[in-house]
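Please read the structure below before turning to the comments.
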Amino acid sequence: MRTGLRLGLVVMAAVLGGSDLAWAQVAKIKLGYAKCAHCLPMSLIPGMAKGVEVEATGFNSGNDVLTALVSKSIDVAQVTYLHYITALDKGFDVVAVSGQINGGSECLSSAKLNLPPEDWATFKTTVAKAKSDGQPLKVAASRGNAQDIHMRGAFLKQGVDPNKDIQFINIPNPSDHLAALQRGEVDMICSVEPFASQIRLAGAGKHFVLPYEQAAGNLTNLIVTRSDVIASQRAGVQGVVSAVVELDNKLIADKAPWIEVINKLTGLDKNVATEALKNASPDPAIHRSQTLAIAAMMRDLKYISKDVSAEAEKNMDYSFLEQATGKARNDLGY
């Protein structure tokens with residue numbers, strides 16, 4: 001009887017020990033995302049990720065998220081294609097593992113500018129006159145964010161040099177864009193959703209263009225990590241990427257959870273959230289050729305100091321998307 005009791009205790013200890021070991025081996029990933037309409041669904045990843053414990057933190061901007069990643073405060077970051085190129089230019093260790101959601105940029109003009117929507121000819125005339133009068137147009141964005149680059153690229157394509165023909169105003173936190181237009185501090189702003197829709201619906205600014213006619217197109221969000229995280233927590237990174245793919249598929253089918261999370265995390269009205277999603281497209285692919293075009297455009301804009309095309313291509317790891325989707329990289333943007 002004693003032998004049977006001892007055997008039972010040994011078996012129980014082995015089972016409990018195995019459970020503890022399994023628990024200890026569950027990957028833990030710190031995830032960062034920005035507070036914008038197409039970024040906020042990342043807050044749902046912890047509840048969807050399988051085989052990984054995810055701690056998600058929201059930041060005011062993509063710049064802040066990138067800083068947290070390179071300083072090793074977080075393991076995986078939702079940033080933008082533009083942040084990816086900027087990071088490589090600065091020599092940071094970043095690896096692109098998934099797309100997420102594209103779109104979300106809009107240029108809005110102040111009422112006093114009286115600028116017709118989509119009218120580049122009038123805009124260029126206005127820019128030239130203001131410059132000749134010694135009072136160049138004040139155009140704002142959050143420097144370094146996708147909307148800033150989208151705006152600069154679109155302006156340059158139209159023959160307006162954003163470094164010489166206008167006065168750029170940096171407003172780091174997109175939630176401050178509405179007030180800047182209302183106070184008349186800027187003539188135009190290129191903002192991110194849902195704040196762009198908030199500006200329009202509040203009557204503080206008028207739609208001018210969606211600035212997608214440039215090398216970046218409407219490409220916006222990218223999921224990146226570091227090579228040391230891939231080496232030490234590959235299963236964790238895979239869990240995050242698989243959850244992003246699953247989330248994107250759900251948001252394509254039903255935008256209700258998306259509207260709810262915007263309302264919950266920004267406090268903005270659901271009507272604003274609904275309007276914002278007209279300018280957003282879930283897309284987990286990593287678009288290689290466009291990324292290389294973005295790198296070239298950013299160099300032309302003097303946003304980066306050197307050609308990082310080789311690094312941009314080298315640091316794209318499609319293996320996580322391939323496992324999550326069952327597709328080959330050629331079907332995932334390569």
Side-chain angles (χ1 to χ4, degrees), residues 27-36 38-46 48-49 52-102 104 142-149 172-174 192 216 219-245 247-248 265 284-287 291 294-295 298 303-305 308 311-321 324:
K28 295 183 179 180
I29 292 289
K30 291 184 178 180
L31 170 69
Y33 62 91
K35 294 177 180 176
C36 60
H38 45 302
C39 313
L40 291 173
M42 293 298 294
S43 65
L44 303 174
I45 294 296
M48 299 180 65
V52 55
E53 181 182 327
V54 179
E55 177 187 333
T57 302
F59 293 80
N60 284 332
S61 71
N63 291 328
D64 296 336
V65 183
L66 180 61
T67 298
L69 179 70
V70 299
S71 65
K72 300 188 177 183
S73 298
I74 59 175
D75 307 306
V76 177
Q78 168 272 307
V79 289
T80 70
Y81 282 83
L82 305 309
H83 289 110
Y84 175 61
I85 298 300
T86 301
L88 293 173
D89 178 58
K90 293 179 178 178
F92 294 141
D93 173 20
V94 290
V95 181
V97 293
S98 173
Q100 190 240 346
I101 293 173
N102 296 320
S142 298
R143 182 170 177 82
N145 280 2
Q147 294 68 45
D148 181 21
I149 306 294
N173 192 336
V192 65
L219 294 189
T220 309
N221 285 0
L222 197 63
I223 307 301
V224 300
T225 185
R226 302 186 309 273
S227 59
D228 64 289
V229 177
I230 291 176
S232 64
Q233 301 193 68
R234 186 174 186 88
V237 176
Q238 183 63 62
V240 171
V241 172
S242 295
V244 168
V245 171
L247 177 60
D248 274 5
L265 296 182
I286 304 172
H287 297 275
T291 303
I294 290 169
M298 290 178 70
Y303 225 98
I304 57 175
S305 60
V308 297
E311 293 92 331
E313 185 166 3
K314 177 184 174 184
N315 286 31
M316 292 179 180
D317 188 338
Y318 284 84
S319 64
F320 299 98
L321 273 179

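Computed from a prediction, not measured in an experiment: that's the story for all the values here. Counting from 1, the numbers follow the sequence of the chain as shown.
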Practice task
Using the side chain to side chain contact (heavy atoms under 4.5 Å, CB included) rule, take Tyr33 and Gln100 through it: C-alpha gap first, then chi angles, then the decisive distance, then the call.
Solution key: CA-CA 11 Å; Tyr33 62 91; Gln100 190 240 346; over 6 Å; no
Exercise for the section: For residues Gln147 and Cys36, determine if any side-chain heavy atom of one lies less than 4.5 Å from a side-chain heavy atom of the other. Expected result: no
Practice task
Heavy atoms only: give me the nearest Val245-Ala324 pair and the separation to one decimal.
Solution key: CG2-CB, 4.0 Å
Problem - Nearest atoms (heavy-atom pairs only) where Gly239 meets Ala49 - result: O-CB, 4.1 Å
Problem - Ring-face cation of Arg226 near Phe92 (centre distance under 6.0 Å, axis angle within 45°) - result: no
Exercise for the section: Answer yes or no: is there a side-chain heavy-atom contact under 4.5 Å between Asp317 and Ile230? Expected result: yes
Practice task
Please tell me if the side chains of Phe59 and Thr67 come closer than 4.5 Å, counting only heavy atoms from C-beta onward.
Solution key: no
Practice task
Using atom types as modelled and distance alone, determine if a side-chain donor or acceptor of Gln78 lies under 3.5 Å from a backbone N or O of Ala34.
Solution key: yes
Exercise for the section: Measure the shortest side-chain to side-chain distance between Val241 and Leu321 over non-hydrogen atoms and say whether it is less than 4.5 angstrom. Expected result: yes
Completion exercise
Between Ile304 and Ala295 the two heavy atoms that sit nearest each other are CD1-O, 3.5 Å
Completion exercise
Closest non-hydrogen atoms of Ile286 and Ser98, given as atom of the first, atom of the second and distance, are CD1-N, 3.5 Å
Handout entry: Pairwise distance OG1(Thr291) to CG(Leu88) - rounded to 0.5 angstrom
Key = 10.0 Å
Handout entry: Partner residues of Tyr318 under the ring pair (Phe, Tyr, Trp, His ring centres under 6.0 Å) criterion, sequence neighbours left out
Key = Tyr334
Handout entry: Side-chain donor/acceptor of Asp75 to backbone N/O of Ile29, under 3.5 Å
Key = no
Problem - Tyr84 side chain to Val94 backbone, donor-acceptor under 3.5 Å - result: no
Practice task
Answer yes or no: is there a side-chain heavy-atom contact under 4.5 Å between Arg143 and Asn63?
Solution key: no
Handout entry: CA sep, side-chain torsions, deciding dist, call: Thr57, Ile74, side chain to side chain contact (heavy atoms under 4.5 Å, CB included)
Key = CA-CA 9 Å; Thr57 302; Ile74 59 175; 5.5 Å; no
Exercise for the section: First locate atom CG of Leu82, then atom CD1 of Ile149, and finally report the distance between them rounded to the nearest 0.5 Å. Expected result: 5.0 Å
Practice task
Answer whether the closest heavy-atom distance between the side chains of Gln233 and Asp228 falls below 4.5 Å.
Solution key: no
Practice task
Work out which heavy atom in Ser319 is nearest to a heavy atom in Arg234; give both atom names and the distance.
Solution key: OG-NH2, 2.6 Å
Practice task
Report the distance from atom CG of Leu31 to atom CG of Leu69, rounding to the nearest 0.5 Å.
Solution key: 10.5 Å
Problem - Student check: side-chain heavy atoms of Leu265 and Lys35 closer than 4.5 Å - result: no
Exercise for the section: Classify the side-chain pair Thr86/His83 by whether it contains a donor and acceptor separated by less than 3.5 Å. Expected result: no
Practice task
Provide the closest heavy-atom pair for Val65 versus Ala77 in the form atom of the first, atom of the second, distance.
Solution key: CG1-CB, 3.5 Å
Problem - Residue pair Thr80 / Asn145, side-chain donor-acceptor N/O under 3.5 Å - result: no
Exercise for the section: Taking the side chain as every heavy atom from C-beta outward, state whether Ser142 and Val192 have any atom pair closer than 4.5 Å. Expected result: no
Handout entry: Under 3.5 Å donor-acceptor, Asn221 side chain and His38 backbone
Key = yes
Practice task
For side chain to side chain contact (heavy atoms under 4.5 Å, CB included), just list the numbers for Thr220 and Ile101, CA-CA rounded to whole Å, side-chain angles, deciding distance to a tenth of an Å, and then say yes or no.
Solution key: CA-CA 7 Å; Thr220 309; Ile101 293 173; over 6 Å; no
Problem - Under 3.5 Å donor-acceptor, Asn173 side chain and Asn60 backbone - result: no
Practice task
Please round to the nearest 0.5 Å and tell me the distance separating atom OH of Tyr81 and atom CD1 of Ile294.
Solution key: 7.0 Å
Practice task
Give a yes or no answer on whether the side chain of Gln238 reaches the backbone of Phe320 with a donor-acceptor pair at less than 3.5 Å.
Solution key: yes
Problem - Spacing of CD belonging to Glu311 relative to CE belonging to Met316, to within rounding of 0.5 Å - result: 11.5 Å
